[in-house]
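These notes concern the structure reproduced below.
Read the numbers this way: they start at 1 and go in the same order the structure lists the ligands and their atoms. The first residue in the sequence is number 1, and the count goes up from there.
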Amino acid sequence: MSSFTPSDKTQAQQEEFFEYLRFSSISTDQRFKGDVDNCADWLVAKFAKMGLSPEKHPTSGHPIVVAKSTPKPDRPTVLIYGHYDVQPVDPLEEWDTPPFEPTVKGDKVFCRGATDNKGQNFAHILGVEEALKKHGELPVNIIFLIEGEEEIGSPNLPKFLEDHADSLKCDICAVSDTGMIAPGIPTMTYGLRGIACLEFTIHGPSLDLHSGVYGGAIANPAQVVAGLVAKLHDETGRVMIPGFYDSVKGLEKWEREMWASLPDGDAATLEETGSQGLWGEQGYTALEQRWGRPTAEVNGIGGGYQGEGSKTVIPREAMAKLSFRLVPDQEPAEILQIANAFLKENCPPSCRIDVELGHSGPSYVMDPHSDYGKAAQRALQQTFDSEPRLIREGGSIPIIQSIKDILHVDSLLLGLALPDCQIHAPNESFTLSNFHAGIQLNRALMEELAG
Ligand code: BES
Ligand code: ZN
């Protein structure tokens with residue numbers, strides 16, 4: 001499905017999708033709180049128009065939207081999870097078109113949130129709408145759960161699941177918020193990495209100092225941050241925090257073989273990233289590293305003069321933001337604790353370190369060969385007319401393991417993101433062909449899950 005000629009119906013669906021995209025629903029930045037809220041209202045109105053019964057649940061952060069079809073007792077209930085919040089748009093100057101004005105070029109629509117996750121969850125919404133219009137009812141009971149805080153670690157959703165476990169009771173969960181390995185190749189993800197975040201600040205002198213007057217005698221916080229960051233890995237890319245690998249489960253033989261049979265992942269990784277070369281732990285392919293091995297990453301680092309030219313200063317403080325991607329059976333809280341201890345032990349006595357622990361969420365794996373897993377693969381096969389590939393992903397959707405723990409159901413991760421869709425980066429896009437394929441996928445999935 002590389003191109004798509006829109007009919008009046010598909011044109012109308014796209015227009016509605018673009019309305020959804022226009023909300024700048026950036027969850028991490030308080031300045032956008034109103035836009036996030038308006039986006040939730042828009043979803044509620046859409047669900048009401050479709051004949052579902054929507055509810056907007058306020059939280060201490062952003063609202064959660066739930067919408068249900070009229071339940072029929074003898075049908076399985078499918079929870080469809082998605083998120084309407086998006087990542088920030090910076091660096092703004094690197095966008096070719098305004099980040100919240102959907103712009104179509106060829107088969108792609110460019111907009112923040114186009115793929116992650118509005119396009120993917122709206123495809124499910126429209127699939128349900130189409131089925132309702134055509135048959136007046138659905139083959140399964142549907143509960144939509146679309147949250148506004150996924151990109152900040154879903155801080156309020158686990159408690160919401162606990163408080164509403166009865167009304168969210170379901171047989172299986174379906175989520176499109178992951179990737180496809182290539183256009184036209186249907187992909188089912190059976191595992192996600194977990195995540196644990198922290199930020200540390202190194203405090204040195206009580207004020208910025210002249211680096212000539214004091215340099216040499218006083219520790220430079222920016223250099224201390226760089227030194228700590230350098231200690232995180234050895235030269236082969238292994239994480240050096242003691243205990244970091246203690247509970248890491250090795251990859252299974254069958255998955256290494258299956259991933260090795262996919263199109264060359266090392267070459268694709270280089271091509272997609274535009275990097276000069278691969279890096280990382282020895283003995284693992286790029287796909288194994290990305291999907292099945294844990295990491296320590298610096299997401300931000302700062303301190304000292306960043307402006308034009310030079311300024312001879314010893315900054316009084318400097319900082320770094322770290323995140324760790326986790327695999328089964330690493331525990332996020334444990335990883336944060338050993339990382340915290342490692343940073344504190346390695347901070348020289350000439351400085352003071354503050355470590356602020358951030359959000360975290362566990363990894364997830366399910367059995368892709370379960371009955372529901374097979375049903376999902378049949379739906380993918382029908383939609384894309386090609387054999388589904390089974391992968392794990394490196395990204396995280398922390399709530400998926402909470403859905404397992406609290407609602408006791410697995411999640412079918414049927415992603416529609418393509419490798420070049422630039423999620424979280426400037427010029428994010430979604431292909432319209434995948435948007436319309438997603439609508440078909442939802443309909444096929446409902447039929448297959450109905451049994
Ligand atoms: N959709 C992504 C997760 C994802 C991306 C999974 C690509 C698989 C492939 C999701 O919106 C996301 O970005 N999650 C964050 C979670 C974090 C902020 C808690 C992530 O992975 O960084
Ligand atoms: Zn995301």
**Asked** Does G361 have a non-hydrogen atom less than 4.0 Å from ligand 1?
**Response** no

**Asked** How does E151 reach ligand 1, by side chain, by backbone, by both or by neither, if only non-hydrogen atoms under 4.0 Å count?
**Response** both

**Asked** Salt bridge or not for E16 and K49, using N-O below 4.0 Å?
**Response** yes

**Request:** Check ligand 1 against I423 and write out every atom of the ligand that is under 4.0 Å from a heavy-atom position of the residue.
**Result:** 5 (C), 7 (C)

**Prompt:** Which N, O or S atom name in E151 marks its closest approach to the Zn ion (ligand 2)?
**Reply:** OE2

**Fill in**
Quick note on ligand 1: atoms under 4.0 Å from a heavy atom of H83 include exactly 11 (O)

**Prompt:** Please state which protein non-hydrogen atom is closest to atom 1 (N) of ligand 1 and give its distance, to 0.1 Å?
**Reply:** D177 OD1, 2.7 Å

**Request:** Would you tell me whether S433 and D107 have side-chain atoms, one donor and one acceptor, within less than 3.5 Å of each other?
**Result:** yes

**Message:** Can you tell whether the side chains of E288 and R256 come within less than 4.0 Å, N to carboxylate O?
**Reply:** yes

**Asked** Which atom, among the N/O/S set of D116, is closest to the Zn ion (ligand 2)?
**Response** OD2

**Request:** Tell me whether the guanidinium CZ or amine NZ of R112 lies under 6.0 angstrom from the six-membered ring centre of F100 and within 45° of its axis.
**Result:** no

**Message:** Strictly below 4.0 Å, N to O, side chains only: are D37 and K33 in salt-bridge contact?
**Reply:** no

**Asked** At what distance is the nearest protein heavy atom to atom 22 (O) of ligand 1, and which residue and atom is it?
**Response** R325 NH2, 2.8 Å

**Request:** Determine, for F430 and K108, whether the Lys NZ or Arg CZ falls below 6.0 Å from the six-membered ring centre while staying within 45 degrees of the axis.
**Result:** no

**Contact partition for S154 relative to ligand 1, non-hydrogen atoms under 4.0 Å** = neither

